[in-house]
**Q** 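Attaching a single structure in structure tokens format; questions to follow.
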Amino acid sequence: MSAVQPETTDRSESSSTINVEASRRESRGDECEKKCVVDQEKQAVRSEVDNVDPPQPHYGEHPDGGLRAWLVVTGCAAGTCATFGLVNAWGVFQAYYEEQILAGTSPSTIAWIGSIQYALIFLPGLVVGRIFDMGWTKTPLALASAVIVAVTFLTAECTKYWHFLLCQGIALGLACGVIFGVLMGCPAHWFKRRLGFALGIMALGSSLGGTCFPIAVRNLVETVGFKWTMRILGFIEAAFLLFQVATVERRLPPKRRTGPFFDLTAFKSPQFSLYCASSFLAFLGIYTVLTYIDVSAASKGIDPNFSFYLLAIANACSAVGRLSGGLLADRLGPLTVMTPATFIAGILTYAWPFANSVGANIAIAIIYGCSSGVYVSLLAAPVVRMGKTQDVGVRVGMSMTVVAVGAVAGPPISGAINAATGAYTYTGVYAGTTVMVACCFLVATRIAILGGLRGKC
């Protein structure tokens, strides 16, 4: 009996040892499993962090004012004056080229210079917007500014159609588009509550240029000739653009992950897609009145020396619409202000062909200038509010590219309708209808954002 007892004890001790080792192995397995789970969670967190912008608490909220912010907006206004303002003066160049340098070339052929120039202001936004999100601001502004000044001086030496097409159409249009693409994204870095007002001030530059440049060119050509007119314009452009490069700057750092240049997923948003559709339709007709109001007035017996100033009157009055529209947009929302203004512009587009007197044409120019100025100044505001500030460039760029298609197609279609019918009546019907349909899409965008018609949007 005594011999069996130690053996039993040894067996129990060995079995307990085995149990302890097994429990240790299990605990080690549990630890390894927990470690694997923790590692997987860390990896998941890292992957999420890599795809999300890093927190930037030291940049704070949008200043919505202050010397630096208003200098940026003033610089943007100088840039739009030198780019969009100059492009808006194309009508005076068209008339001069038809009568002097390119006499014998058909007006529709010459008009392609202006159409390409105008479309290229919006088209580069697709690439420039992404470059802006990547952190590039001063470099594209400086390079494009140098190109604008250079081609303005080169235009003075042009003598053939293809010279003007390359210099004033393609090169100037692309350079203006690069600058305009950068400028459209900058105010959103500095303003949020007062963004509409900031965009309105920026758009004042376009009105200033569209008012002053045509008058300056018409008078300078008669006194100093075409070559020195372009050289003087080059010096004026250089002054505006130097101020722009010195003052315009982004506030937020670039995104860590910028993604593709063309982000098709943005069009999965019904709000964004509807708004882009409205912009495309609006630009098929929104500038028809401004393009033909002086020519149509002259065709109805109004003194050409006076009808020339109808465009300047419309551009001057658009400044009122741009500024007041921005102020109202900050209180009521951009779509709330844009929609009725677009509706008024559509009604006046229908009425424009039936204006036969001086007073009627002046009234059309004033009211249409104000209403279209509201729309153009707030064009980017709804897009800015449809996502984060850090990727505002790509959203604005894609919407501007859609606008470019409408901008390049609109004037030739209007011109073709006028040539086919011999009058501006059906031109006004076409342009007015596109603007009114665009107004319907603005309402649809509002419903998609708010789920109804009421609310700030």
Side-chain angles (χ1 to χ4, degrees), residues 84 87-88 90-91 94 108 111-112 114-119 121-123 203 206 210 274-297 310-311 314-315 317-318 321-322 325 335 338-355 361 363-380 382 399-445:
F84 222 112
V87 172
N88 282 343
W90 166 252
Q94 168 96 18
S108 60
W112 273 107
S115 295
I116 291 172
Q117 180 189 69
Y118 186 63
I121 278 196
F122 299 105
L123 192 62
S206 174
L274 286 169
Y275 186 73
C276 286
S278 73
S279 301
F280 166 75
L281 290 166
F283 271 81
L284 283 175
I286 196 75
Y287 275 100
T288 295
V289 174
L290 297 178
T291 301
Y292 293 104
I293 188 170
D294 53 347
V295 181
S296 65
L310 288 172
L311 178 59
N315 281 322
C317 292
S318 74
R322 292 168 196 256
L335 286 175
M338 293 172 70
T339 305
T342 308
F343 181 81
I344 294 171
I347 295 297
L348 287 170
T349 305
Y350 284 130
W352 151 65
F354 302 100
N361 277 277
I364 293 288
I366 292 173
I367 303 173
Y368 189 86
C370 289
S371 58
S372 64
V374 172
Y375 177 81
V376 174
S377 68
L378 297 175
L379 183 62
S399 66
M400 290 301 131
T401 302
V402 175
V403 166
V405 179
V408 74
I413 293 174
S414 297
I417 293 173
N418 177 54
T421 61
Y424 291 96
T425 303
Y426 291 103
T427 302
V429 171
Y430 152 75
T433 302
T434 61
V435 174
M436 296 301 279
V437 175
C439 190
C440 295
F441 272 86
L442 287 176
V443 175
T445 304

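Scope of the values below: all heavy atoms of this structure, side chains included, with no hydrogens, waters or symmetry mates. Sequence positions, counted from 1, serve as the residue numbers for this chain.
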**Q** If you look at every heavy atom in Arg322 and Gly373, which pair is closest and at what distance?
**A** CG-O, 3.2 Å
**Q** Any chance you could measure Asn88, atom CG, to Leu290, atom CG, to the nearest 0.5 Å?
**A** 8.0 Å
**Q** Can you measure from CG (Leu379) to CE (Met400) and round to the nearest 0.5 angstrom?
**A** 4.0 Å
**Q** Sequence neighbours left out, what passes side-chain hydrogen bond (donor to acceptor under 3.5 Å, both in side chains) with Ser377? Give chain and number order.
**A** none
**Q** Please identify each residue that fulfils side chain to side chain contact (heavy atoms under 4.5 Å, CB included) with Thr288, with sequence neighbours left out.
**A** Tyr292, Trp352, Ser414, Thr427, Ala431
**Q** Among residues at least two apart in sequence or on other chains, which ones pass ring-ring contact (aromatic ring centres under 6.0 Å, His included) with Phe280?
**A** none
**Q** Which heavy atom in Thr349 sits nearest to a heavy atom in Gly432, and how many Å separate them?
**A** CG2-N, 3.3 Å
**Q** Using 0.5 Å steps for rounding, measure from the CG atom of Leu310 to the CD1 atom of Ile366.
**A** 9.5 Å
**Q** Does Tyr426 reach the side chain of Tyr430, with side-chain heavy atoms less than 4.5 Å apart?
**A** no
**Q** Work out which heavy atom in Pro382 is nearest to a heavy atom in Met338; give both atom names and the distance.
**A** CG-SD, 3.8 Å
**Q** Identify, with sequence neighbours excluded, every residue that meets side chain to side chain contact (heavy atoms under 4.5 Å, CB included) alongside Phe441.
**A** Leu274, Ala277, Ser278, Leu281, Val437
**Q** Walk me through it: do Val403 and Ser279 pass the test side-chain contact (heavy atoms from CB on, under 4.5 Å)?
**A** CA-CA 6 Å; Val403 166; Ser279 301; 3.6 Å; yes
**Q** Determine the minimum heavy-atom distance between Ile293 and Ala365, stating which atoms define it.
**A** CD1-CB, 4.0 Å
**Q** With sequence neighbours left out, what residues match Tyr350 under side-chain hydrogen bond (donor to acceptor under 3.5 Å, both in side chains)?
**A** Thr433
**Q** For the residue pair Thr339 and Val443, what are the closest heavy atoms and their distance?
**A** CG2-CG2, 3.8 Å
**Q** According to side-chain hydrogen bond (donor to acceptor under 3.5 Å, both in side chains), does anything in residues 363-375 pair up with another residue at least two apart or in another chain? List the pairs.
**A** none
**Q** Where do Leu123 and Thr401 come nearest, in terms of heavy atoms and distance?
**A** O-OG1, 3.6 Å
**Q** Donor-acceptor check, side chain of Tyr424 to backbone of Val289, threshold 3.5 angstrom: yes or no?
**A** no
**Q** Using 30° and 60° as the class limits, which term best fits the ring planes of Phe122 and Tyr118: parallel, tilted or perpendicular?
**A** perpendicular
**Q** Can you sort out the partners of Phe354 under side chain to side chain contact (heavy atoms under 4.5 Å, CB included), two or more places apart, ordered by chain and number?
**A** Thr425
**Q** Run the side chain to side chain contact (heavy atoms under 4.5 Å, CB included) test against Ile367 and tell me which residues pass, sequence neighbours left out.
**A** Ile344, Leu348
**Q** Is there side-chain contact between Tyr275 and Leu442, with heavy atoms separated by less than 4.5 Å?
**A** yes
**Q** Output all residues satisfying side-chain hydrogen bond (donor to acceptor under 3.5 Å, both in side chains) with Asn361, sequence neighbours left out; order by chain, then residue number.
**A** none
**Q** Taking only residues two or more places apart in sequence, or in another chain, which ones meet Thr445 in a side-chain hydrogen bond (donor to acceptor under 3.5 Å, both in side chains)?
**A** none
